[in-house]
Amino acid sequence: MCGIVGYLGDNKASDIILSGLEKLEYRGYDSCGICLYNQSDQSFVTYKDKGRVEHLVHDFDYDINNHLAIGHTRWATHGKPNQTNSHPHFSLSKRFSIVHNGVIENYKELVSKFIPNTIFISETDTEVIANLIELFTETLSVDEAIRKTLSLIEGSYALLIIDTLSPNIIYAAKNKSPLLIGIRKEGITLASDLMALIGHADTYYPIEDKTFTKVEKIGNKYISEMFDIIGKPVQFVPLEMNMVLEEIGKGGYSHYMLKEICEQPSVIRKIMSKYLIEDQFTISPKITQMISAAKRIYIIAAGTSMHAGFVGKYYFENIANIPTEVFIASEFAYNMPLLVDNPLFIFISQSGETADLRTCLVNVKQLNYPTLTITNVATSTLAREADQFIEIYAGPEIAVASTKAYVGQVAILSILAYVVSSKKSFDLKLELSKVAIAMEAIIDKREYIHRLVQEKITKKSCFYIGRGLDYYTCLEAALKLKEISYIQTEGFAAGELKHGTIALIEDGIPVVAIISQKIINKNTRSNIREVLSRGANVLVISLNNVSDVTDEIVLVDVHEILSPLLTVIPTQLIAFYSALDLNKDIDKPRNLAKSVTVE
Ligand code: G6P
């Protein structure tokens with residue numbers, strides 16, 4: 001949550017910061033700000049306000065000769081999104097300017113112990129950091145004051161700090177929240193995500209937890225050095241920048257979400273190409289051994305990734321014969337269940353940064369259990385910190401509502417379960433290829449789904465019902481619809497509806513039923529009749545071989561077990577078109593962020 005960008009170099013810093021912040025808006029977009037050094041009159045200028053980066057870009061004057069700046073796009077945790085609470089924040093004398101992503105858990109204690117008389121301007125925890133640094137510089141050098149502050153603060157943070165007395169230096173520090181340093185001869189860019197480094201770095205490195213980095217201009221050179229908390233240099237190996245600008249554009253689509261929905265067949269094909277060697281799915285032996293050795297798998301995830309986890313449970317149990325449980329990360333973090341011997345923990349996360357998952361990972365690692373992360377971001381914290389990680393290869397997902405990363409996760413889970421299964425009762429390669437083709441068929445008919453949405457989906461509320469694997473898709477479908485259209489939606493196990501929730505069914509309420517498995521066809525159809533007789537406006541999504549002539553969306557047959565990869569597509573389109581017709585901000589829905597780095 002919150003995106004930060006900094007730059008020190010030969011180019012115009014404000015251009016790099018503003019374009020970087022636009023790329024990081026998926027991390028939060030309720031307010032934003034920039035602090036830059038005006039080289040001409042040697043002063044610092046700060047612009048900040050409530051609202052999107054667009055406002056920052058268009059409504060302030062950047063006709064300033066500037067080569068050093070820090071910027072921030074915010075997802076509010078402490079205090080409302082308004083101009084005062086927007087970053088950058090200053091120390092009392094305005095010597096230190098700071099942007100922060102994360103949450104300082106002990107800021108109240110620090111205030112009462114060290115700076116009880118300081119008057120704070122904002123409601124944020126960030127201002128405390130700036131004031132502590134300022135306080136400690138009364139007796140220490142700036143480097144030492146920053147290190148001392150870092151040793152006192154508890155919680156998560158990615159920080160960029162400017163000392164206005166040294167306009168050739170940016171200090172950076174991090175714990176739990178991501179922060180990358182992008183290197184190029186003509187300047188150094190610092191950012192929460194690789195996307196903001198595209199075009200400005202040839203190599204990069206992630207700052208390690210509880211270290212700090214000093215980016216400095218010495219002579220004509222830009223130097224970046226990393227130090228630990230006692231000031232000892234920390235070595236790093238720069239990584240090649242391998243992301244290109246085209247990967248993060250809209251590619252002619254009106255919205256990132258629509259582009260990402262349409263990319264899903266190629267995600268399946270890309271995953272196959274990455275994990276097929278000589279026609280066999282091949283996963284690192286370390287990972288397959290880990291899975292095979294597990295007596296029980298514990299999948300930990302949040303949001304959409306958790307829904308992929310439910311499908312994964314089905315795969316591990318039905319394909320690989322390994323008992324599996326799924327947990328909400330924020331629950332598991334502080335309520336760990338009684339574990340069996342030889343467990344394996346699988347963390348599923350699109351971003352690889354979700355703070356709730358990281359807490360679970362730290363707890364589980366302390367118990368010395370094996371850990372595996374499934375993520376779309378190979379450089380992410382969860383990828384680095386788990387014993388093993390496996391990449392989804394969905395490509396950058398920009399829309400806040402996850403679509404292609406979800407199908408990527410489900411596909412990876414099917415491959416993992418398949419490679420460790422002793423009896424292979426179907427050809428996964430063939431079946432996944434069929435899925436990609438079937439996905440294309442429904443994506444091609446998306447205008448038809450738009451018309452169905454106009455006919456069936458009302459603003460009031462909506463229910464998705466299904467059983468078995470379809471129930472998991474219903475959970476994901478409901479989340480998608482509510483998060484971008486704000487229509488109150490529930491995903492229900494079809495048979496459970498009659499135990500209470502059917503009381504909410506009345507004339508015209510939309511109920512979308514999903515049917516992909518023979519074994520549940522008859523029962524789900526009975527549940528459809530129950531809601532129909534109470535006035536529901538029903539829309540059925542089914543696979544061809546279980547379809548009825550009256551079903552509105554009939555999908556090409558794929559192997560039953562892979563049906564979640566296909567049935568989810570029309571539900572994503574239903575969410576997209578509902579939000580479009582309601583004129584919602586589809587790619588950046590209110591109150592949400594894509595990378596949730598606070599607990
Ligand atoms: C946020 C996003 C969701 C996402 C969840 C988990 O809430 O808005 O779309 O599913 O985080 O994120 P992760 O990156 O761990 O998959």
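Remember, predicted model here, so these are calculated numbers, not experimental data.
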Taking every heavy atom of Arg147 against every heavy atom of Ile230, the minimum-distance pair comes out as NE-C, 3.5 Å
Checklist entry - Between Glu225 and Lys214, is there a side-chain N and carboxylate O pair less than 4.0 Å apart? => result no
inquiry  = Is it true that, when you exclude Asp59 itself, more than 12 heavy atoms of the residues, nucleotides or ligands shown sit nearer than 6.0 Å to its CG?
reply    = yes
Fit a plane to each ring of Phe60 and Tyr62, take the angle between them on a 0 to 90° scale, and name the class: parallel (under 30°), tilted (30 to 60°) or perpendicular (over 60°). perpendicular
- Query: Salt bridge or not for Lys174 and Asp209, using N-O below 4.0 Å?
  - Reply: yes
For this session: Determine, for Lys113 against Glu109, whether the closest basic-nitrogen to carboxylate-oxygen distance falls under 4.0 angstrom.
Result: no
With a 4.0 Å cut-off on N to O distance, would you call Glu25 and Lys588 a salt bridge? yes
N/O donor to acceptor pairs below 3.5 angstrom from side-chain atoms of residues 332-344, sequence neighbours left out:
unit_1: Tyr334; atom_1: OH; unit_2: Glu599; atom_2: OE1; d: 2.5
unit_1: Tyr334; atom_1: OH; unit_2: Glu599; atom_2: OE2; d: 3.4

* Salt-bridge criterion met for Glu385 and Lys365 (N-O under 4.0 Å) -> no
Practice prompt. Determine whether more than 12 heavy atoms belonging to other residues, nucleotides or ligands lie under 6.0 Å from atom CD1 of Ile119.
Written response: no
Open item on the list: Does Arg95 qualify as a cation-pi partner of Phe90, given the criterion of NZ or CZ under 6.0 Å from the six-membered ring centre and within 45 degrees of its axis?
Closed with: no
For Thr371 and Val364 the tightest heavy-atom approach is CG2-CG1, 3.6 Å
Test side-chain contact (heavy atoms from CB on, under 4.5 Å), reference Cys360, set Phe345, Phe347, Phe327, output is Phe347
- prompt: Under 3.5 Å, is there a donor-acceptor pair linking the side chains of Asn66 and Ser14?
  reply: yes
Taken to the nearest 0.5 Å, the spacing of Thr211 OG1 from Leu179 CG works out to 8.5 Å
Residues Lys176 and Thr359: side-chain donor-acceptor under 3.5 angstrom: no
In terms of side-chain heavy atoms, does Gln350 have a donor or acceptor partner in Ser305 at a distance below 3.5 Å?
-> no
Quiz item: Taking C-beta and beyond as the side chain, do Thr373 and Ser349 meet within less than 4.5 Å on heavy atoms?
Solution: no
Tightest non-hydrogen contact, residues Lys94 and Glu134, listed as N-OE1, 4.3 Å
If we count only N and O atoms by modelled type, under 3.5 Å, do the side chains of Asp193 and Tyr26 hold a donor and an acceptor together? yes
- prompt: For Ile104, does its backbone N or O pair with a side-chain atom of Glu154 as donor and acceptor, under 3.5 Å?
  reply: no
Verify whether one side chain among Ser141 and Glu144 offers a donor that lies under 3.5 Å from an acceptor in the other. yes
### Message
Pairing donors with acceptors under 3.5 angstrom, does anything connect the side chains of Thr126 and His100?
### Response
yes
inquiry  = Please check: side-chain N/O of His67 versus main-chain N/O of Asn11, any donor-acceptor pairing under 3.5 Å?
reply    = yes
For Ser86 and Asn82, the nearest pair of non-hydrogen atoms, with its separation, is OG-O, 2.7 Å
What I want to find out is whether Lys594 reaches Asp587 closely enough, with some N-O distance under 4.0 Å, to be called a salt bridge.
no
- Do other residues, nucleotides or ligands put more than 12 heavy atoms under 6.0 Å from the CG atom of Leu140? yes
Separation between OG (Ser43) and CG (Asn38), nearest 0.5 Å, reads 4.5 Å
| message | Counting only heavy atoms not in Lys12 (residues, nucleotides, ligands), do more than 12 fall under 6.0 Å from its NZ? | response | yes
| request: Take Leu372 and Asp387 through the test side chain to side chain contact (heavy atoms under 4.5 Å, CB included) and record every step on the way to the result. | output: CA-CA 6 Å; Leu372 165 67; Asp387 298 327; over 6 Å; no
ring-ring contact (aromatic ring centres under 6.0 Å, His included) pairs touching residues 385-409, sequence neighbours excluded, are Tyr275-Tyr393
Checking Leu413, Thr375, Ile300, Ile412 against Ile348 for side-chain contact (heavy atoms from CB on, under 4.5 Å), the one that qualifies is Leu413
With side chain to side chain contact (heavy atoms under 4.5 Å, CB included) as the test, would you mind laying out the steps for Thr324 and Ile299 before giving the verdict?
CA-CA 7 Å; Thr324 303; Ile299 293 179; 3.8 Å; yes
Notebook entry, point to check: Do Ser380 and Glu353 get their side chains close enough for a donor-acceptor pair, meaning under 3.5 Å?
Noted result: no
Report yes if some heavy atom in the side chain of Met290 is under 4.5 Å from a heavy atom in the side chain of Pro370; otherwise report no.
yes
- Message: Would the distance check show the side chain of Ser166 and the main-chain N or O of Asp163 forming a donor-acceptor pair, the cut-off being under 3.5 Å?
- Response: no
message: Whether the side chain of Lys210 engages the backbone of Ser151 through a donor-acceptor N/O pair (distance < 3.5 Å, no angle test) should be reported.
response: no
Are any non-hydrogen side-chain atoms of Arg52 and Asp585 less than 4.5 angstrom apart? yes
Tyr256 (side chain) donor-acceptor with Ile248 (main chain) under 3.5 angstrom: yes
Closest heavy-atom pair, Ala394 versus Ala405, reported as atoms and distance to 0.1 Å, is CB-CA, 4.1 Å
Verify, without hydrogens or angle tests, whether Arg384 (side chain) and Thr379 (backbone) share a donor-acceptor contact under 3.5 angstrom. yes
Scanning both residues in full, the closest heavy-atom pair of Ala76 with Gly79 reads CB-O, 3.4 Å
Exactly one of Ile207, Leu190, Ile181, Ile170 clears side-chain contact (heavy atoms from CB on, under 4.5 Å) with Ser224, and that residue is Ile181
Requested in this report: Verify the distance criterion only: is there a donor paired with an acceptor across the side chains of Glu123 and Asn85 at less than 3.5 Å?
Outcome: yes
**Prompt:** Does a donor on one side chain and an acceptor on the other come within less than 3.5 Å for Glu397 and Ser402?
**Reply:** yes
Value for CD1 (Ile415) from CD1 (Ile374), rounded to nearest 0.5 Å, stands at 10.0 Å
Next item on the list: Check the pair Arg74 / Tyr29 against side chain to side chain contact (heavy atoms under 4.5 Å, CB included), numbers first and verdict last.
Entry: CA-CA 6 Å; Arg74 177 170 186 247; Tyr29 34 82; over 6 Å; no
